**Student:** 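Sending over a structure as C-alpha cells; questions will come in a sec.
Just so you know, these numbers come straight off a predicted model, no measurement behind them. All heavy atoms count here, side chains included; hydrogens, waters and symmetry mates do not.
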Amino acid sequence: MEKIIAVQNLRKAYKKETAVENVSFELMPGNIMGLLGPNGAGKTTTLKMITNLCSKDKGKILIDNVSLDVDPGLALSKVGAALDTPSFYQELTARENIECFASLYKSIPDGQVTELLDYVGLSTQAEKKVKKFSLGMKQRLALARAMLGQPKLIILDEPANGLDPQGQIDLYRLICDMARDKKTTFIVSSHQLHDMEEFCTDILILNKGKSILQGKTEEILSETTNIVDCILEETEAFLDVLSKFQGISLTSHKGNRFTVKLETVCLDEFIKKLVACNLHIHSISVRRNSLQDLFLKLTGGDDDASAN
C-alpha cells in the first residue's frame, strides 16, 4: 500500500532561530496523526511547509508519491487544508461559499457541493448566511471546503479550538468516519491531548522544532509504566520504603496521598512489599500513563497542555 505522505528530514530556520529541525514521518491511507507540542514547537510551520505556504530549507515531502518540489500543483491537488480560524464570505450562504471555492477547481462533479454539506451535517443550513453560523458550524463548513476535490490528505490546524464539548465530539466523529469510510488521511494539530489520545492512530510530538516522540498511539501508550495512586497511614515509613525499593519512583506527594510509577515492578509485588513492612493501606488504584502525562514529561511540564 502506497504512503499518502512521506516527510523526510524537514528543516526550517528564521534568521538565527530554527523553527523545525530534522522532522520525518509517514502516513498510510486512513491514518489520523495528532501533531502535538507546546506553543512555538514548530507545528504550524511544519503544516505550512507541507501545504507549500512557506519554503523549507531542507528535506523532502512526497504526497501520494508526488514530490512537492518537482510538481507542487499535482502534489497539492491531493491535499485539503483548514489552517487558522475558518474564514468565509459572511454575506453568502453555506452553499454559495462552497460553490465559490469549488469554482477554483478544474472539475468538481455535479452534486458534490450538496453531498459535502450533507456529509458534514449542514444540509438543513445550506441556505443560511454564514454570518449567522456558530463556530461549530463554521468548523464543519471548513471541513466541507477542505474535502472539495476528494483529497487523499486533509490537514487541520486546531479544528476544535473554541468548540464546546459536544461540538468537539461531533467534529472528531466526522474525521473518524472519513478516515474509515473514505480512507482519507488526516494530520490534526491540537492541544486537546485527551481527544488526540482517543481518536488518533498516530502521534507526533514536537518540542523546540524537534520530534521527541512519534509512532502508533496504541503502541506508545502500551509501553508506558503503570501509575499508582495510594493513601497510606504511615507517611514517613512509606517514604523510607520507597527510597530502598528499586523500580518505583515517587511522582507526587501531598499529606498521606502518594502517586508512584511502577517502572520495573508489578502491582502485586508492590502491595506485598507494603504489607510486609506493616504499612496500612487506606486505598490504592492503578492507572495507565495518559498522553498528557507523556507530553508533560517530555516537554518539561512547563506548558499548559490545554492552552492554545
**Student:** Rounded to the nearest 0.5 Å, how far apart are NZ of Lys78 and OG1 of Thr185?
**Tutor:** 12.0 Å
**Student:** Does any non-hydrogen side-chain atom of Asp170 lie less than 4.5 Å from one of Leu174?
**Tutor:** no
**Student:** Does Lys58 have more than 12 heavy atoms from other residues, nucleotides or ligands lying within 6.0 Å of its NZ?
**Tutor:** no
**Student:** Whether the Ser252 and Arg257 side chains hold a donor-acceptor pair (N or O, under 3.5 Å, no angle test) is what I'd like checked.
**Tutor:**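 On atom types as modelled, these side chains do not qualify, holding no pair under 3.5 Å.
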**Student:** For the side chain of Gln168 and the backbone of Leu163, is there at least one donor-acceptor N/O pair under 3.5 Å apart?
**Tutor:**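 Yes; judged by distance alone, with no hydrogens or angles, the pair exists.
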**Student:** Considering residues, nucleotides and ligands other than Lys12, do more than 12 of their heavy atoms fall under 6.0 Å from its NZ?
**Tutor:**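 Counting neighbours around NZ of Lys12, more than 12 heavy atoms of other residues, nucleotides or ligands fall under 6.0 Å, so yes.
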**Student:** Quick one: CG on Leu47 to CG on Leu35, what's the gap to the nearest 0.5 Å?
**Tutor:** 5.5 Å
**Student:** What distance do Asn31 atom CG and Thr184 atom OG1 have between them, rounded to the nearest 0.5 Å?
**Tutor:** 11.5 Å
**Student:** Regarding Glu263 and Ser249, do their side chains bring together a donor and an acceptor under 3.5 Å, going by distance alone?
**Tutor:**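 Checked: Glu263/Ser249 side chains pair up, N/O donor to acceptor below 3.5 Å.
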**Student:** Ion pair present between Asp293 and Lys297, side-chain N to carboxylate O less than 4.0 angstrom?
**Tutor:** no
**Student:** Using only atom types and a distance under 3.5 Å, with no angle test, would you say the side chain of Asn256 pairs donor to acceptor with the backbone of Thr235?
**Tutor:** no
**Student:** Using 30° and 60° as the class boundaries, would you call the ring planes of Phe258 and His253 parallel, tilted or perpendicular?
**Tutor:** parallel
**Student:** Are Val79 and Leu156 co-members of a hydrophobic cluster defined by side-chain heavy atoms under 4.5 Å apart?
**Tutor:** no
